[in-house]
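Residue numbers begin at 1 in each chain, while the letters A, B, ... track the order of the sequences. Hydrogens, waters and symmetry mates play no part in the numbers below; they use all other heavy atoms, side chains included.
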Number of protein chains: 2
Amino acid sequence: MDRFFAAHRERGLPVTTQRRAVFEAILGRSDHPTAEQLYDAVRRQLPQISRMTVHRILGAFVSLGLVARTPHPGSAARFDPKLDQHHHLVCLDCGRIIDVEDPRLNRLPWPDINPREFQIEDYHVHFRGRCAGCRQSSKAARVGQKPAARLALSSKSIKPGLKKAAP
Amino acid sequence: MDRFFAAHRERGLPVTTQRRAVFEAILGRSDHPTAEQLYDAVRRQLPQISRMTVHRILGAFVSLGLVARTPHPGSAARFDPKLDQHHHLVCLDCGRIIDVEDPRLNRLPWPDINPREFQIEDYHVHFRGRCAGCRQSSKAARVGQKPAARLALSSKSIKPGLKKAAP
DNA sequence: AACCAAATGGTAAAGATATGCAAGTAGCTT
DNA sequence: AAGCTACTTGCATATCTTTACCATTTGGTT
């Protein structure tokens, strides 16, 4: 929370009720919420806050270095109070993000590129896989997943009839 | 391109003109295009192709393991035809993605978690920083970027005219 | 050549984020 | 303590990306 006030004071930015509420909300949880989830959480204390304000505040926090927008394959960005370098497990099924702290991952070799071409600031390792819950359900669901398609394709000539779409 | 036919034949899925065009389009470029960019590219050959078809086809390619949907902080998903393990430089300003191949990064220690709780399949290192072009422009832009906030405001001296036009 | 499952196309909808402007507020200055 | 001013907020709207429905067409088999 000190970081929050310090970052604002350093740049002379006003500390508003909304900003404080959003920051408290994100500090209070470690599940990498989306902007929408934070909006819902903050609204319990500030019922009239606008969804756009939450988005704008989160964008400002990212610029201030207070939180990180974590890369995520899906569409909704996830936000993470950035405290120290850490990494993530991402479930390919449910999208859940789990923190990983492993000191061995914090001193990786940086790729050998010319700093004039690309200046690296930091990095972040993304482990992909499946969490316990999704492995259970996928085992069950795998039966009906791909209805066997139309197998039995004898490898006849595939004749790549490359034609333009017929009228 | 063999992978493309093989993957379809193996599952008995029909190889349509549209699928072939989308796959050729993504093979031809190494800049991790978005679905929209691929739609534009494909449309030069199949002017009547639907945007939705491109999205659906890309989703199918991901399921088939033909392309990867690369994690990206922004909203638009990026697609990548490279299948061997590689990593990415991501420019924080322009969002450009550059491939990194460094064998030292391909044998990282995996975090010590119970495989019953989370089963890791693979990983991927995300280096963040700024590309040459953006470093140039940001150096210039940094002047007007943060107008010094209001730290040095001594009431009547500074009047930064960058406000909206007066009503 | 005929058949069948799957793919395609078009519109509209849903979700997330950005923008422009009027009014409110935090924090400095007096 | 009161005033000033830039920053922030709220609201409505616009944009961008992705998805849903369903009639029609196409690819691959027999």
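At whole-Å resolution of the value, CZ in A/Arg51 and P in D/dT13 are 15 Å apart. In this structure, B/His8 atom NE2 and D/dT26 atom C1' are separated by 14 Å, rounded to whole Å. Straight-line distance from the NE2 atom of A/His55 to the P atom of D/dG10: 13 Å, rounded to whole Å. For B/Glu10 and D/dG28, the CD to C1' distance is 17 Å, given to the nearest whole Å. Atom CZ in B/Phe79 sits roughly 12 Å away from atom P in D/dT17 (whole-Å rounding). With rounding to whole Å, A/Leu58 atom CG is found 14 Å from D/dT8 atom P. Atom CZ of A/Arg11 and atom P of C/dG27 are 16 Å apart (whole Å).
Side-chain contact between B/Ile120 and B/Pro111: present, with at least one pair of heavy atoms (C-beta onward) separated by less than 4.5 Å. Within the 4.5 Å cutoff, the side chain of B/Leu105 has heavy atoms near those of the B/Phe127 side chain. Between B/Phe4 and B/Leu64 there is no side-chain heavy-atom pair separated by less than 4.5 Å.
Within residues 32-43 of chain B, the residues having any heavy atom under 4.0 Å from DNA chain D are, by residue number, B/Ala35.
Dense packing is recorded around CD of B/Gln85, with more than 12 heavy atoms of other residues, nucleotides or ligands lying under 6.0 Å away.
For the side-chain contact (heavy atoms from CB on, under 4.5 Å) test, residues two or more places apart in sequence or in another chain that qualify with A/Asp99 are A/His32, A/Asp80, A/His86, A/His88.
A cation-pi arrangement, defined by a distance under 6.0 Å to the six-membered ring centre and an angle within 45 degrees of its axis, is absent between B/Arg19 and B/Phe23.
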Could you run down the sub-3.5 Å N/O contacts of the protein with nucleotides 7-13 of chain C?
from: C/dT8; atom 1: OP1; to: B/Thr16; atom 2: OG1; distance (Å): 2.7
from: C/dT8; atom 1: O3'; to: B/Gln18; atom 2: NE2; distance (Å): 3.1
from: C/dG9; atom 1: OP1; to: B/Gln18; atom 2: NE2; distance (Å): 2.9
from: C/dG9; atom 1: OP2; to: B/Ser50; atom 2: N; distance (Å): 3.2
from: C/dG9; atom 1: OP2; to: B/Thr53; atom 2: OG1; distance (Å): 2.7
from: C/dG9; atom 1: N7; to: B/Arg56; atom 2: NH2; distance (Å): 3.0
from: C/dG9; atom 1: O6; to: B/Arg56; atom 2: NH1; distance (Å): 3.3
from: C/dG10; atom 1: OP2; to: B/Gln48; atom 2: O; distance (Å): 3.3

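A/Arg130 contributes no side-chain N or O that, together with a main-chain N or O of A/Cys94, makes up a donor-acceptor pair within less than 3.5 Å. With B/Arg51 contributing its side chain and B/Asp40 its backbone, the two residues share no donor-acceptor pair below 3.5 Å.
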